[in-house]
Amino acid sequence: MDSNQPAHGHVDDDAAQLAALGYTSDFKREMGLWGNVAVGFTYLSPIVGVYTLFSAAIATAGPPMVWAFLIVGCGQFLVALVFGEIVSQYPVAGGIYPWARRLWGRRWAWMTGWIYMFALFSSIGGIACGASPFVASMLGHNYSVRYMVVAALALLALSTIVNLGGTKVLSMAVTMGFITGLIGAVGVGAWLLVRGSHDFSVIFKTMGAADGKVYFFAFASAGLVAVFQYYGFEACGDLAEEVPNPGVQIPKAMRMTIYIGGFAATFTAFTLIMAVVPNITAVINSGGACIDFDERTGECATGALDPVSHTIHEAFGSADKIVLLIVVLAFLSCLISLQAAASRLLFSFSRDKMIMGHRFLRVFWQSRHVPPVALLVAGGVPAAIAIGSMLSESALWRIIGFAAIGIYLGFQSVVLAALRARLKGWQPSGKFRLGKWGLAVNIGALTWGVLGILAIVWPWDLGEPGFKWYDVWLVMLTACVVIGSGLFYLFTAHPYRHSDTPSGDAIPVKGGTPTQDAIEDDPPDLTV
C-alpha cells in the first residue's frame, strides 16, 4: 500500500470539498505524494528539457547560459507558490482552466484554457520530435527529418497506450520515469563531470559565442532552454481529483518538483558544458548542429553526431546504448505526463460544456477511470504537429518557442486573476496559505512572468543570415493566430454560456448580490 495514501476519512473529505465546488468525480484517488511529484518531475524532465535544447543554447550564448536555470527557477518558484494557494482551495482536475474560472470568470477561463491547450499540444509534439535523434542513436539508425517524424509518432502511440491504462498505470509509469530521470541527470552527469573539463571558470566565459553581438540578447535567446524547463509543477494540479488530500499534497508536490527538478536540470546542463568545452569552438561554429565541424566547407563532417549524442558516446563507449535508453525513457515519461495533463484539461473543459465536441471529449471510461477521447485528441493533435514540423528547418526550436510562450501566457493569466481577486477581497481558504506574504509573492510572480514572456517572444535573431522574416516572427505569429482564433470563437459561439458551474466566486459577494464583475462576466443570453 502507498505510504502516502491517507485514511478513508480524508477521501470522504476530498469528495465533500469537491461537491462544495459543484463537482462529483469519477476519477480514483490512487496517486500518492511521490506519484504526484513524479508527474511534475517527468513533465519538467531535466533530461528532456536540457538535452533537447542544450546544443542550440550553448552555441548561442556559450557556457554562461547555465545561469539561466537559476534565474528562471527563482521566478517560477514564485508562480508555484501562488498556484499552491489556488489548488489548495480549488482542487479540480484541469489545472489552470478551473482556477482561472473561480478566480475571475468564465470568459477569462475559456481563453486561458484555449491558449494553454494548444501550448500543451505543441509541447507534446516538440518533445516527441526532440526525442528522435536519441532514438536513432540508440538503435544505430541514420537520422533524417523523415525518421524524426516516424519516431515521434511511435512514441506518441506508446504514450497514449500507457495513459489509457488508468491512473495506477500512469502513476507507476511516471514513477519509473522519475527514477530513470534522476539516474540520467545525476548519475550520467557525475560521470561526465569526472571525465570532462574541471575548469569551472568557463561558466563565466562566452568562449566565442555571440561575438560581434549584444551578449544580453544572445543570453536571453539561449534562456529558452531554462524557460522550457520550469513548468512541470502545474501538472501536479491537473490531476487534483486523483490525489488524496490534494489541498496539502499538491502544493507540497509542486515545491518538491521545483527543488528536485531544478537541481537536476542545472546539474545536467553544467556537466554537459564541462564535457563539451574541449570541442566548444566546433559546436559554436556549427550552430550546435555537430561537434565535428569542417570550417573549410562550413558543414558538419559526414556521420557527425550532435554534441549531446557525441558526448554520451565518448564518455560511455559501448555502454552508451544503455545511457541512450535512459534518455529515451525520460522522453517517453515526459510525453506520458504531458498527455495526461492535456487530457485532463480537455476533460475539464468539456465537463463544463465549454468547448466544441464536449459530448465526446467528456466521455469517461469507467473501467479505467480515464477520459479516452480526450486522451486520443491529446495524442492526435501533437502527431499532426510532428508531421507539420517537416516544413521548416528550425521547426523544433519554433514549436518549443510557441509551447513556452503559450504555457507562460496560461500561467500568467492565472497569476493575474489571483492578483485581481486579492485586490477585490479574495482570502485564500485552502490548507496551504501564504498569509501576509501572499500579495508580495503574487506581484513578484506576475512581474517575473511578464519579463519571461517578453524574453520568449522577442525575435533575438532578427537580421541573422539565413532567417527569413516569417521564420523569425513565427513564434509570435503562431501565438497571435491561436489567441485570435480563440477570441473569434469566444465572441461568436459564446461557449462560456453553456456552463452553469460556479465562476468568479473567489471574490466575496457584497450585500448578498453578485458583484458587478460577475454580472459582466456572465451576461444574459438574449439569443432566440
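Nothing fancy with the numbering, it's 1 onward along the sequence.
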Side chains of Leu375 and Arg344: closer than 4.5 Å at any heavy-atom pair? yes
Side chain of Thr266, backbone of Phe263: donor and acceptor closer than 3.5 Å? no
Flag side-chain contact, heavy atom, 4.5 Å: Val414 against Glu234: no
Just how far is it from atom CG of Asn285 to atom CD1 of Ile280, taken to the nearest 0.5 Å? 10.5 Å
Hey, does Leu103 have a side-chain heavy atom less than 4.5 Å from the side chain of Ile86? yes
Is the CE atom of Met138 crowded by more than 12 outside heavy atoms at less than 6.0 Å? yes
Before you tell me yes or no, could you show the steps for Val188 and Phe316 under side-chain contact (heavy atoms from CB on, under 4.5 Å), namely the whole-Å CA-CA distance, both residues' side-chain angles and the distance that decides it to 0.1 Å? CA-CA 9 Å; Val188 173; Phe316 292 91; 3.8 Å; yes
Nearest non-hydrogen partners of Ile312 and Val323, listed with the distance: CG2-CG1, 3.7 Å
Would you say the rings of Phe219 and Trp67 are close, in the sense that their centroids are separated by under 6.0 Å? no
Tell me if a side-chain donor or acceptor on Asn442 pairs with a main-chain N or O of Gly438 at a distance below 3.5 Å. no
Determine whether a donor-acceptor pair (N or O, by modelled atom type, separation under 3.5 Å) exists between the side chain of Ser221 and the backbone of Ala218. no
Please check if the side chain of Glu85 supplies one atom and the backbone of Pro428 the other of a donor-acceptor pair under 3.5 Å. no
Please report the closest heavy-atom contact between Ser333 and Val174, naming both atoms and the distance. O-CG1, 4.5 Å
Short question: side chain of His198, backbone of Met274 - any donor-acceptor pair under 3.5 Å? no
Atom CE in Met65, atom CG in Leu224: separation rounded to 0.5 Å? 11.5 Å
Minimal heavy-atom distance between Val50 and Ala265, with the atoms involved, is CG2-O, 3.7 Å
Using modelled atom types only, decide if a donor and an acceptor are shared between the side chain of Gln339 and the backbone of Thr160 within a distance under 3.5 Å. yes
Report yes if the side chains of Phe134 and Val308 come closer than 4.5 Å at any heavy-atom pair, otherwise no. yes
Check whether more than 12 heavy atoms from other residues, nucleotides or ligands sit under 6.0 Å from atom CD1 of Ile322, and answer yes or no. no
Looking only at non-hydrogen atoms, find the nearest pair between Val82 and Ala418 and report the distance. CG1-CB, 4.1 Å
Close side-chain approach of Met254 and Ile250, heavy atoms under 4.5 Å: yes
Closest contact, heavy atoms only, Leu81 versus Leu434: O-CD1, 4.0 Å
Gap separating the CD1 atom of Ile96 from the CD atom of Gln412, nearest 0.5 angstrom: 10.5 Å
Nearest atoms (heavy-atom pairs only) where Pro64 meets Val202: CD-O, 4.3 Å
N/O donor-acceptor pair under 3.5 Å between Ser171 side chain and Thr167 backbone: no
Determine whether Leu409 and Ile483 satisfy the following criterion, side-chain contact (heavy atoms from CB on, under 4.5 Å), listing intermediate values before the conclusion. CA-CA 10 Å; Leu409 283 171; Ile483 294 170; 4.1 Å; yes
Evaluate the criterion side-chain contact (heavy atoms from CB on, under 4.5 Å) for residue pair Thr268 and Phe54; output intermediate values, then yes/no. CA-CA 10 Å; Thr268 298; Phe54 173 82; over 6 Å; no
Any donor-acceptor pair under 3.5 Å linking the side chain of Arg195 with the backbone of Glu314? yes
Are Thr42 and Ser337 close enough that a side-chain donor and a side-chain acceptor fall under 3.5 Å? yes
Would you say the side-chain atoms of Trp191 pair up with the backbone N or O of Ala315, donor to acceptor, closer than 3.5 Å? yes
Can you find a pair of side-chain heavy atoms, one from Leu139 and one from Tyr147, that are under 4.5 Å apart? yes
Separation between OG of Ser132 and CG of Leu153, rounded to the nearest 0.5 Å: 10.5 Å
For the ring-ring contact (aromatic ring centres under 6.0 Å, His included) test, which of Phe41, Phe77, Phe411 pairs with Phe233? Phe411
Between the CZ atom in Phe267 and the CG atom in Leu182, the distance rounded to the nearest 0.5 Å is 11.5 Å
Is there a side-chain contact between Ser123 and Ile407 (heavy atoms, below 4.5 Å)? yes
Is the closest side-chain heavy-atom distance between Thr257 and Cys236 below 4.5 Å? yes
One should read off an interatomic distance between Leu78 CG and Ile258 CD1, to the nearest 0.5 angstrom, of 9.5 Å
For side-chain contact (heavy atoms from CB on, under 4.5 Å), just list the numbers for Phe83 and Val415, CA-CA rounded to whole Å, side-chain angles, deciding distance to a tenth of an Å, and then say yes or no. CA-CA 8 Å; Phe83 281 9; Val415 173; 4.1 Å; yes
More than 12 foreign heavy atoms under 6.0 Å from NZ of Lys252: is that the case here? no
When you measure from the side chain of Tyr215 to the backbone N and O of Ala61, does any donor-acceptor pair fall under 3.5 Å? yes
